[in-house]
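To keep things clear, I will list the structure first and then write my remarks on it.
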Amino acid sequence: MTKNKMLLSWIEEMTALTTPDKVVWITGDPKQLDELRQQALATGELYKLNEEKLPDCYLHRTAVNDVARVEHRTFICSRNKKDAGPTNNWMEPKEAYEKLGKIFSKSMKGRTMYVIPYSMGPVGSKFSKVGIELTDSIYVVMNMVIMTRVGSDVLDVLGNSNDFVRGLHGKAQIDEENRYICHFPEDNTIWSVNSGYGGNVLLGKKCFALRIASYQGKQENWMAEHMLILGVEYPDGDIKYIAAAFPSACGKTNLAMLIPPEIYAKKGYKVWTVGDDIAWIRKGPDGRLWAINPENGFFGVAPGTNVKSNPNALHSTEQGTIFTNVVHNLENNTVWWEGLDKNPPTKAIDWKGNPWTAESGEKGAHPNSRFTAPATNCPCISKEFDSPNGVPLSAIVFGGRRAKTAPLVYQSFDWVNGVFVGSIMASETTAAASGAVGVVRRDPMAMLPFCGYNMGDYFQHWLDMGKDIGNKVPKIFHVNWFRLDNEGHFEWPGFGENLRVLLWILDRCDNKVDAVETPIGYLPKHEDISLEGIDVSKETLKDLLSVDKKLWLDDATAVEEFYGKIGETLPKELKEELAKLKKRLA
Ligand code: GTP
Ligand code: SPV
Ligand code: MN
């Protein structure tokens with residue numbers, strides 16, 4: 001398939017290490033994929049769902065100890081510890097290669113190694129990068145085929161170049177104690193062992209497109225971000241693009257596929273999805289920031305997805321989709337999850353593989369159960385989805401889950417202040433990673449688990465990009481859809497209604513609407529967030545748009561502590577921004 005000597009010798013070396021019985025190159029040929037699917041069905045690795053209701057759809061269950069990313073077992077193996085920074089786990093590269101080398105040694109005996117050539121981004125685009133993943137899992141092959149652009153054409157584009165990311169994944173024994181996800185940014189290399197789950201093993205996603213790519217972006221003057229990209233189409237046909245960074249399971253897929261509320265739809269507003277998780281951003285020929293979605297599918301959270309909350313996501317899963325750790329509905333051989341509808345199946349198997357009914361009181365689907373769906377299934381996929389040039393960004397939005405503190409929306413004062421706003425982001429943890437759920441933690445730019453180098457240097461890169469772009473920078477905002485009232489209910493209806501906030505954001509970008517200056521930034525005047533057609537009272541909106549100085553001062557103290565942890569690489573501009581915030585609050 002290729003004459004690339006670097007690639008062939010690397011595969012030879014990895015084959016000698018893992019000793020698979022066979023090496024199979026994935027060409028992208030549907031016939032080959034079909035044969036692999038048949039093999040996975042025979043071993044029970046995949047389960048074929050109702051062909052009439054869910055054509056070409058499959059169910060997979062992971063091991064019960066292997067259901068989410070494992071941040072405590074994820075390492076950045078830079079030569080110098082300082083380059084991984086204080087927010088990443090670090091292992092010396094030599095030690096990591098040795099340690100994982102022992103685990104990988106002969107681990108594919110009796111198994112087949114699949115070679116997956118894939119492109120992150122449209123094949124051949126200037127934005128795009130090539131990766132090769134070696135894996136002993138057909139499930140990984142099937143997911144990578146949906147999530148990335150896989151096939152021989154990628155090798156043609158690569159030619160004899162050495163510029164590809166070397167990914168080695170092995171299931172080994174799915175042993176939690178020996179599970180490691182190691183990144184070697186200086187070697188363009190990722191080694192992942194003893195997991196079979198999502199972000200740990202689909203190496204094109206978080207490992208390459210964020211951790212390795214963020215490091216590459218720093219070297220090459222571009223950005224890899226944990227952001228959705230969407231286009232808002234106005235009744236006159238004009239489309240404006242927004243990129244938004246929210247932590248895992250905080251609403252990126254939902255916002256990216258937003259359906260305008262009826263009163264807006266009637267006027268002719270539409271929302272188009274470019275991406276739901278990752279954005280690669282570069283300066284375009286016009287001097288503005290342009291973004292592509294490097295992925296080719298959606299690896300979305302299943303629970304809570306339903307015809308009301310996200311019909312576009314649901315439609316995306318109606319064919320050619322792999323479901324992981326959801327409920328198997330035995331009544332009609334389909335799938336179910338909490339929040340799909342109010343009719344849980346009476347005959348079903350839960351995510352652990354046991355007979356299950358809703359009466360048991362246990363969750364049938366894992367809270368981090370997911371669907372892997374092709375982007376082309378999405379009814380609102382943007383016509384720019386495959387564009388090699390990406391889309392120009394008008395606004396960048398940060399957000400998280402905050403029960404109090406953060407208001408519904410605010411605008412930063414300028415780029416530097418906007419970088420500050422991103423750097424102090426915080427959110428309550430979710431089921432997307434193993435560990436406690438609901439704990440507030442600092443998650444700058446939603447990149448805490450995904451930045452492949454020193455967080456202080458990453459902040460500096462944001463500041464440098466701003467300097468490079470100058471007055472053509474997008475405006476930076478912060479949103480919070482998750483504010484709670486005193487009874488613990490969400491104050492804002494969210495989902496489609498979030499369009500009301502996006503329209504204010506875009507009006508601000510066009511200088512079409514005034515704002516109120518507060519210590520934290522510009523907030524909307526109450527009358528500028530339309531409440532027409534929703535059940536939100538003026539008092540609730542007032543609360544949603546209030547800034548509690550005491551809570552913010554407490555937060556400033558927490559930020560100070562977090563900044564202390566970043567240490568000497570923290571840019572002085574951000575330290576100054578914190579001091580200015582405290583002064584404005586006092
Ligand atoms: P990752 O794939 O892990 O990166 O997650 P994500 O950021 O794409 O999150 P997703 O859109 O899948 O949403 C996660 C959870 O947040 C789901 O349970 C949604 O129902 C919930 N959610 C999304 N948007 C909103 C919103 O506007 N309001 C409220 N209250 N919940 C929301
Ligand atoms: C996330 O956790 O942010 C995800 C899912 O998008 S995973 O691919 O597992 O990282
Ligand atoms: Mn994500």
Side-chain angles (χ1 to χ4, degrees), residues 62 66-71 74 140 143-144 147-148 181 192 195-211 225-230 244-259 273 275-279 293 295 297-306 308-310 312-314 316 324-325 337-340 365-373 397 399-403 408-409 427-435 437 443 446-450 479-484 488-502 544:
T62 64
D66 189 26
V67 294
R69 285 181 291 101
V70 280
E71 294 179 4
T74 299
V140 167
N143 275 275
M144 285 295 285
M147 292 305 297
T148 72
I181 324 294
S192 161
S195 173
Y197 185 82
N200 297 332
V201 300
L202 309 178
L203 300 186
K205 198 172 178 53
K206 297 307 171 41
C207 298
F208 175 176
L210 288 180
R211 297 196 190 96
E225 300 296 333
H226 193 199
M227 289 178 178
L228 67 95
I229 310 164
L230 63 77
F246 310 156
S248 302
C250 289
K252 288 183 299 302
T253 302
N254 276 272
L255 191 68
M257 297 183 189
L258 181 155
I259 294 208
T273 309
D276 81 323
D277 198 50
I278 298 176
N293 167 15
E295 301 191 282
F298 309 116
F299 187 60
V301 178
T305 306
N306 60 54
K308 268 197 79 191
S309 67
N310 195 345
N312 285 322
L314 208 57
S316 304
T324 302
N325 292 341
W337 49 77
E338 278 71 20
L340 174 64
H366 188 276
N368 192 37
S369 55
R370 302 241 168 194
F371 52 79
T372 317
V397 179
R401 280 177 194 263
R402 294 305 296 272
L408 180 62
V409 57
S427 192
E428 292 145 23
T429 51
T430 65
S434 64
V437 167
D443 189 352
M447 283 289 278
L448 181 74
F450 307 121
V479 298
N480 178 20
W481 314 138
F482 298 92
R483 199 127 135 170
L484 300 180
H489 304 119
F490 291 121
E491 285 193 303
W492 178 248
F495 301 98
E497 310 301 345
N498 293 334
L499 179 64
R500 298 164 194 265
V501 175
L502 298 186
L544 280 162

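These figures come from a predicted structure and were not determined experimentally. Read the numbers this way: they start at 1 and go in the same order the structure lists the ligands and their atoms.
The side chain to side chain donor-acceptor pair (under 3.5 Å) test with K205 singles out one residue from N143, T148, D277, N200, and that residue is D277. Of the residues listed (V140, T74, L202, V201), the one engaging S192 in a side chain to side chain contact (heavy atoms under 4.5 Å, CB included) is V201, and it is the only one.
Each of the following atoms of ligand 2 lies closer than 4.0 Å to a heavy atom of H226: 3 (O). Listed by atom number, the atoms of ligand 1 under 4.0 Å from T253 heavy atoms are 6 (P), 8 (O), 11 (O). Listed by number with element, the atoms of ligand 1 under 4.0 Å from a non-hydrogen atom of A249 are 1 (P), 3 (O), 4 (O), 5 (O), 6 (P), 7 (O), 9 (O), 14 (C), 15 (C), 16 (O). Close approach of ligand 1 to R401 is summarised as follows: ligand atoms under 4.0 Å from at least one heavy atom of the residue are 15 (C), 16 (O). Ligand-side atoms of ligand 1 in range of P303: 18 (O), range being under 4.0 angstrom from any heavy atom. Which parts of ligand 1 touch H226 is read off a 4.0 Å heavy-atom cut-off, strictly below it: atoms 4 (O). Atoms of ligand 2 found under 4.0 Å from any heavy atom of A432 (numbered from 1 in listed order, with element): 2 (O). In the vicinity of V301, heavy-atom distances shorter than 4.0 Å reach the ligand 1 atoms 12 (O). Heavy-atom proximity to S248, at under 4.0 Å, picks out these atoms of ligand 2: 1 (C), 2 (O), 3 (O). Near P247, the atoms of ligand 1 lying under 4.0 angstrom from a non-hydrogen atom of the residue are 7 (O). Close approach to D277 involves these atoms of ligand 2, each under 4.0 Å from a residue heavy atom: 6 (O). Interface of D277 with ligand 1, defined as ligand atoms under 4.0 Å from a residue heavy atom, comprises 4 (O).
With the Mn ion (ligand 3) as the vertex, NE2 (H226) and OD1 (D277) define an angle of 90°, rounded to 10°.
In terms of N/O distances under 3.5 Å, ligand 1 is not approached by A432. When only interatomic distances are considered, the shortest N/O to N/O separation between W481 and ligand 1 does not fall below 3.5 Å. Between F450 and ligand 2, not a single N/O pair is under 3.5 Å apart. Any N or O atom pair closer than 3.5 Å counts here, and K205 shares no such pair with ligand 2. For ligand 1, the polar-atom distance check against P493 finds no nitrogen or oxygen pair separated by under 3.5 Å. Close N/O approach between K206 and ligand 1 is not found [any backbone or side-chain N/O within under 3.5 Å].
The backbone N or O of L228 lies less than 3.5 Å from no partner atom in the side chain of K252, so there is not a single donor-acceptor pair. The closest donor-acceptor contact from the side chain of S369 to the backbone of A365 lies at 3.5 Å or more, if one exists at all. At least one donor-acceptor pair closer than 3.5 Å links the side chain of N306 to the backbone N or O of G339. Under a 3.5 Å cut-off, the side chain of W337 and the backbone N or O of A302 do form a donor-acceptor pair. The main-chain N or O of L448 is found under 3.5 Å from a side-chain atom of D443 such that the two form a donor-acceptor pair. When atom types are taken as modelled, the side chain of N310 and the backbone of T305 share no donor-acceptor pair closer than 3.5 angstrom. With hydrogens and angles ignored, the 3.5 Å screen pairs no side-chain donor or acceptor of T273 with any backbone N or O of G275. Between the H226 side chain and the A245 main chain, no donor and acceptor come within less than 3.5 Å of each other.
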Open item on the list: Using side-chain hydrogen bond (donor to acceptor under 3.5 Å, both in side chains), reason through T430 and R401 one step at a time and then give a plain yes or no.
Closed with: CA-CA 9 Å; T430 65; R401 280 177 194 263; 6.0 Å; no
TODO: Assess whether side-chain contact (heavy atoms from CB on, under 4.5 Å) is satisfied between R370 and V301, documenting all intermediate values.
DONE: CA-CA 5 Å; R370 302 241 168 194; V301 178; 3.5 Å; yes
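Counting heavy atoms closer than 4.0 Å to ligand 1, residue F495 contributes atoms from both its backbone and its side chain. The residue L228 has no part lying near ligand 1, judged by heavy-atom distances below 4.0 Å. Residue-level proximity to ligand 1 for F482 is carried by the side chain, the only part with a heavy atom below 4.0 angstrom. Under 4.0 angstrom from ligand 1, the non-hydrogen atoms of C250 all belong to its backbone.
In this structure, K206 is positioned above the aromatic face of F450, its NZ or CZ under 6.0 Å from the six-membered ring centre and within 45° of the axis.
Residue, atom and distance of the protein heavy atom nearest to atom 9 (O) of ligand 1 are G251 N, 2.9 Å. Protein heavy atom nearest atom 9 (O) of ligand 2, with residue, atom name and distance: G199 N, 2.9 Å. Atom 6 (O) of ligand 2 has as its closest protein heavy atom K206 NZ, 2.7 Å.
Using a 4.0 Å cutoff on heavy atoms, K252 does not count as a contact of ligand 2.
Scanning R483, R370, K252 for the heavy atom closest to atom 2 (O) of ligand 1 points to R370.
Among the atoms of K206, an N, O or S atom falls under 2.8 Å of the Mn ion (ligand 3).
Under a 4.0 Å N-O distance rule, the pair E428/R402 does not qualify as a salt bridge.
Side-chain rings of F371 and F298 stay apart, their centers remaining 6.0 Å or farther from each other.
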